[in-house]
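Heads up, the thing below is written out as structure tokens.
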2 protein chains.
Amino acid sequence: MSEKTQKAGRGRSRPPVRTDAGDSVSLEEPELNMRIVELLQQDGRMPYSSIASIVGVSEGTVRNRVKQLIADNVITIQAEALPDAFGYKFNTMTFINVAAGADVDAVARRLAQLPDVYYLTMLLGRFDLGMATYHKSQEDFREFLIRHCYGHPDIAEVENSLVLKVHKVKLHWSLDDDARRGPASS
Amino acid sequence: MSEKTQKAGRGRSRPPVRTDAGDSVSLEEPELNMRIVELLQQDGRMPYSSIASIVGVSEGTVRNRVKQLIADNVITIQAEALPDAFGYKFNTMTFINVAAGADVDAVARRLAQLPDVYYLTMLLGRFDLGMATYHKSQEDFREFLIRHCYGHPDIAEVENSLVLKVHKVKLHWSLDDDARRGPASS
DNA sequence: TTGACAGTTTGCGATTTTCGAAGATATCTC
DNA sequence: GAGATATCTTCGAAAATCGCAAACTGTCAA
């Protein structure tokens, strides 16, 4: 890797393309950031130098890009452990309708603080809120329901489903998805 | 870091504790693996040597443990990008009841293959399957529904909710959760 | 009790990688 | 064109990783 004689930087080769929307840099255009992120989606600890040689830029560029992407909250690089590994084996989905006149956001914020809740969204449809929770046991779930859902005047309706099996959890997105989606995509 | 004279390994200081269940090593007991993983949950690229000095073992031990945890599918270390960053801004939840006599698993497997689906579970309750999807537009979602849900004889009922706001996505678990859960925990 | 045995941990040197700083190149503005 | 801005590259020092052999400990059988 040292056949290059001393040669100064070649400068930027990519114009500062900006998406029409005025927001910050994203990953929508299949550019350098995208290719870097796709590699880090395969292995979050891949050395910058390896990424650099694959995508064809210098190590420093990869390092700066990743640092910027993380700082901008576009990506995160973290270890993930399945809740099962921590003993949380009782997995449920709970749907909630708030009482008439109640503050949906307030209810959502209150529930979102609970450590058992790992997914909470505001919905438009049959229910106002959808919530996924993990518990160590059925008894823990019962206590969770009693304490945090039933008896609260701002919660009018609660419907529960037990998660029997998680078939798929997809955390990673890439532009390749477009290709895989199938032909007739209008 | 070199004030130590040549000294061979001290050997293992942790007995091979095994949880009563006979399954493979997990993260349930608050041991070394747990502390390593918790650090990697904060920064997936934290150097092994830094982790080692924090938890008080050698770098090689941390490296071996992490390698093993990844090989055992207990943890993953990967970059995550929000679907928004890739242009997937139309977020829905779809609930499905399969037709009487149909194979729930087969339906689940078919849907799980679709790139738009990022979460798919088998449920016990009002619906048989719960599915979360991301699409680039409302029109894409409509096509998704028509092609993959409606018209399939093994799908009897479909109910959709639009995700208006994701309040919480929790990917990381730790034993600290137990402490935060509150006092009266039976 | 004793002696393998298996599983981990450690130390270490060679190789890679990271890091920070400085120079180079291109774009944009005036 | 000159200057400002932003990004990329190079480079050497510092740090981290990797592979391996040796050492340690608890288990199990004799």
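In the text below, chain A, chain B and the rest are named by the order of the sequence lines, each starting its count at 1.
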May I have the distance from A:Lys67 (atom NZ) to C:dA21 (atom P), rounded to whole angstrom? 10 Å
B:Glu157: what forms a side-chain hydrogen bond (donor to acceptor under 3.5 Å, both in side chains) with it, not counting sequence neighbours? B:Asn97, B:Arg126
C:dT16 P sits how many Å from A:Ile51 CD1, rounded? 18 Å
So ring pair (Phe, Tyr, Trp, His ring centres under 6.0 Å) across residues 90-116 of chain A, not counting sequence neighbours, yields A:Phe90-A:Phe141, A:Phe95-A:Phe127, A:Phe95-B:Phe95
Could you tell me whether the phosphate oxygens of C:dT9, OP1 or OP2, come under 4.0 Å of any side-chain nitrogen or oxygen in B:Arg63? no
Assess the side chains of B:Gln68 and B:Asn64: does a donor N or O sit below 3.5 Å from an acceptor N or O? no
Indicate whether OP1 or OP2 belonging to D:dA15 is found under 4.0 Å from a side-chain N or O atom of B:Ser49. no
Side chain of B:Tyr48 only, please: which of D:dC8, D:dC18, C:dT17 is the nearest? D:dC18
Please give, in whole Å, the distance from C:dG7 P to B:Asn64 CG? 14 Å
With nearest nucleotides of DNA chain C determined for A:Ser50 and A:Gly60 from heavy-atom distances, which residue corresponds to the more 5′ nucleotide? A:Ser50
How far does the helix from C:dT1-D:dA30 to C:dC30-D:dG1 bend, going by the axes of its first and last five pairs, to the nearest 10°? 40°
Any side-chain N or O of A:Thr61 less than 4.0 Å from the OP1 or OP2 oxygen of D:dT9? yes
Just checking A:Ser58: base, sugar-phosphate only, or nothing, at a heavy-atom cut-off of under 4.0 Å? base
Where at least one partner belongs to residues 44-59 of chain A, residue pairs that pass salt bridge (charged side-chain N to carboxylate O under 4.0 Å, His left out), sequence neighbours excluded: A:Glu59-A:Arg63
Gap between atoms CD and C1', on B:Gln68 and D:dC18 respectively (whole Å): 17 Å
Taking C:dT17, D:dC18, D:dC8 as options, the one with an atom nearest any side-chain atom of B:Glu59 is D:dC18
Nearest-nucleotide wise, let me know which of A:Val57 and A:Arg45 is further upstream toward the 5' end of DNA chain D. A:Val57
Who are the side-chain hydrogen bond (donor to acceptor under 3.5 Å, both in side chains) partners of B:Ser49, not counting sequence neighbours? none
Could you tell me whether the side chain of A:Met46 reaches within less than 4.5 Å of the side chain of B:Gln78, counting heavy atoms only? no
All side chain to side chain contact (heavy atoms under 4.5 Å, CB included) counterparts of B:Ala156, not counting sequence neighbours: B:Ala99
Spacing between A:Leu32 atom CG and D:dC8 atom P, to the nearest angstrom: 7 Å
